[in-house]
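In each ligand, atom 1 is the first atom listed, and ligand 1 is the first ligand listed.
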Amino acid sequence: MDLEGKVALVTGAARGIGRAIAIGLAHAGCDVAVADIAQNQDGITVYPLGSDAELAVTAGQVRKLGRGCTAIQADVTKPADVEQMMQTIEQRLGGLDILVANAGIIMAGPVASMSEAEWDRIFSVNVKGVFLCARAAIPRLVARGGGRIVNVASVAGKTGRAGLAGYCASKAAVISMTQSMAEELGPMKIAVNAICPGYLKTAMFTQVLNPLLARLYHVPEDEVFERFVQRQTFLGRGQTPEDIAEATIYLCRAENVTGIALTVAGGGEVH
Ligand code: NAI
């Protein structure tokens, strides 16, 4: 698909991977709606989420590239927020061709001590959020004659890990939903793919996984990321948000790829 003049929505775009995808799509010629919960906390997640100031920075960077942009505060777990988000995009950018469902959270800890509220929240954001965004986007993509959905899953959705049962299960669900939607939406010329990022030094890694891995491997927290990726990946390096943006743009351009879960992990997960 030629991306020039297309309209894309990126959720979880205040920072990290979502910000890089939004900027990458703008570089590729898209007008971009950037959405995020943008209120630092949701009452359950134990690290700070993206802020409205960070979302404004993302929007500013998209506009600097000469593309249309609208910044929207929306919680992807709330159907009314999601519907309002879609209506705002139609009003301000004229329609929708690409959905990048990137918003996600992580919770770490053993199953035996995970609270029901933590389990529910992780599934609410990572799984229900993807469903609600797709449900609202599909009629809009159909109205434009087709489009793309890219769901940001994780290598954690391909192999389960101790201390991450809720997160891994939620990302496995995203991969499965991607396959179902790819078959369902193929006749409508909508390609649906997942991306499985590997290991990135964004908030969710530094705030949650670094302490977990440091305890597991008895390594100082400020050294654990580099040591982990050297051991875990063939290429001996972590990934960057720009690596994930590059893969997202490939999946948006690709004419004949649907239903896959594309791993971008430097060889950290080869299935
Ligand atoms: P991040 O925490 O920097 O960004 C996630 C964004 O999602 C934040 O701006 C946050 O405010 C937003 N968000 C959270 N709950 C939301 C909600 N209910 N509604 C709307 N927005 C919400 O983390 P990062 O690393 O950029 O994560 C992006 C995606 O990549 C996530 O789906 C994550 O699971 C996935 N991922 C990240 C990896 C990593 O190593 N950092 C590896 C594999 C996957």
ask   = For atom 23 (O) of ligand 1, what's the nearest protein heavy atom and its distance?
value = M204 CE, 3.6 Å
inquiry  = Tell me the contacting part of R121 for ligand 1: side chain, backbone, both, or neither, using a 4.0 Å heavy-atom threshold, strictly below.
reply    = side chain
message = Below a 4.0 angstrom heavy-atom separation, can you tell me which part of K171, side chain or backbone, both or neither, approaches ligand 1?
response = side chain
ask   = Should D36 and E54 count as side-chain neighbours, where that means a heavy-atom distance under 4.5 Å?
value = no
ask   = What part of A153 sits under 4.0 Å from ligand 1 if we count only heavy atoms: the side chain, the backbone, both or neither?
value = backbone
Atom pair CG (L200) and CD1 (I244), whose distance is rounded to the nearest 0.5 Å = 5.0 Å
message = What I want to find out is whether E255 reaches R148 closely enough, with some N-O distance under 4.0 Å, to be called a salt bridge.
response = yes
task = Using a strict cut-off of less than 4.0 Å between a Lys/Arg side-chain nitrogen and an Asp/Glu carboxylate oxygen, indicate whether R135 and E83 qualify as a salt bridge.
result = no
key: Protein contact of atom 34 (O) of ligand 1 - nearest heavy atom, named by residue and atom, plus distance   = Y167 OH, 2.7 Å
key: Atoms of ligand 1, numbered as shown, that sit under 4.0 Å from any heavy atom of F205   = 40 (O)
ask   = In the protein, which heavy atom is nearest to atom 5 (C) of ligand 1, and how far is it?
value = G104 O, 3.8 Å
ask   = Backbone or side chain, does any N or O of G50 fall under 3.5 Å from an N or O of ligand 1?
value = yes
inquiry  = Are M107 and I17 linked, directly or through intermediate hydrophobic residues, by side-chain heavy-atom contacts shorter than 4.5 Å (ILVMFWY only)?
reply    = no
Where ligand 1 meets L49 - atom numbers and elements under 4.0 angstrom, heavy-atom basis = 11 (O)
ask   = If you measure from atom 21 (N) of ligand 1 to every heavy atom of D75, V174, I37, which option wins on shortest distance?
value = I37
query = Would G238 count as a contact of ligand 1 if the rule is a heavy atom under 4.0 Å away?
reply = no
message = Considering non-hydrogen atoms of the protein only, which is the closest contact for atom 28 (C) of ligand 1, and what is the distance?
response = N102 OD1, 3.2 Å
Enclosure of Y250 OH (heavy-atom neighbours >12, cutoff 6.0 Å) = no
Any side-chain heavy-atom pair of C196 and K171 under 4.5 Å = no
message = Using a 4.0 Å cutoff against the non-hydrogen atoms of T202, which atoms of ligand 1 qualify?
response = 23 (O), 24 (P), 25 (O), 41 (N)
message = Which residue and atom name correspond to the protein heavy atom nearest atom 9 (O) of ligand 1, and how close is it?
response = D36 OD2, 2.7 Å
task = Identify whether the distance between the nearest side-chain nitrogen and carboxylate oxygen of D75 and R121 falls below 4.0 Å.
result = yes
key: Protein residue, atom and distance nearest to atom 42 (C) of ligand 1, heavy-atom basis   = G198 O, 3.1 Å
message = Take a 6.0 Å sphere around CD of E242 and say whether it holds more than 12 heavy atoms from other residues, nucleotides or ligands.
response = yes
ask   = To the nearest 0.1 Å, how far is atom 19 (N) of ligand 1 from its closest protein heavy atom, and which atom is that?
value = V76 N, 3.0 Å
message = Within ligand 1, which atoms have a heavy atom of R15 less than 4.0 Å away?
response = 1 (P), 2 (O), 3 (O), 4 (O), 8 (C), 9 (O)
query = Does the side chain to side chain contact (heavy atoms under 4.5 Å, CB included) test come out yes or no for L3 and R253, once each step is laid out?
reply = CA-CA 7 Å; L3 299 187; R253 287 201 170 118; 3.8 Å; yes
task = May I ask you to list the atoms of ligand 1 that are less than 4.0 angstrom from any heavy atom of G16?
result = 26 (O)
ask   = Taking heavy atoms and a distance under 4.0 Å, where does V125 meet ligand 1: side chain, backbone, both or neither?
value = side chain
remark   = Across all chains, not counting sequence neighbours, the ring pair (Phe, Tyr, Trp, His ring centres under 6.0 Å) partners of F131 are none
inquiry  = Is it true that, when you exclude K158 itself, more than 12 heavy atoms of the residues, nucleotides or ligands shown sit nearer than 6.0 Å to its NZ?
reply    = yes
message = For Q39, state whether at least one heavy atom is located under 4.0 Å from any atom of ligand 1.
response = no
task = Consider ligand 1: state whether an atom of it lies below 4.0 angstrom from any non-hydrogen atom of A74.
result = yes
message = Only heavy atoms of I105, strictly under 4.0 Å: list the atoms of ligand 1 that pass.
response = 14 (C), 15 (N)
note = The closest protein heavy-atom partner of atom 26 (O) of ligand 1 is I17 N, 2.9 Å
request  = Quickly, which of V34, I72, I37 forms a side chain to side chain contact (heavy atoms under 4.5 Å, CB included) with L55? Name it, please.
outcome  = V34
key: Interfacing atoms of ligand 1 (cut-off 4.0 Å, heavy-atom, P197)   = 42 (C), 43 (C), 44 (C)
inquiry  = Can you name the atoms of ligand 1, numbered from 1 with element, that are less than 4.0 Å from a heavy atom of A14?
reply    = 9 (O)
note = Tested for side-chain hydrogen bond (donor to acceptor under 3.5 Å, both in side chains) against N151, the lone hit among T178, N193, N126 is T178
query = How many angstroms lie between CE in M204 and CZ in R15, if you round to the nearest 0.5 Å?
reply = 8.0 Å
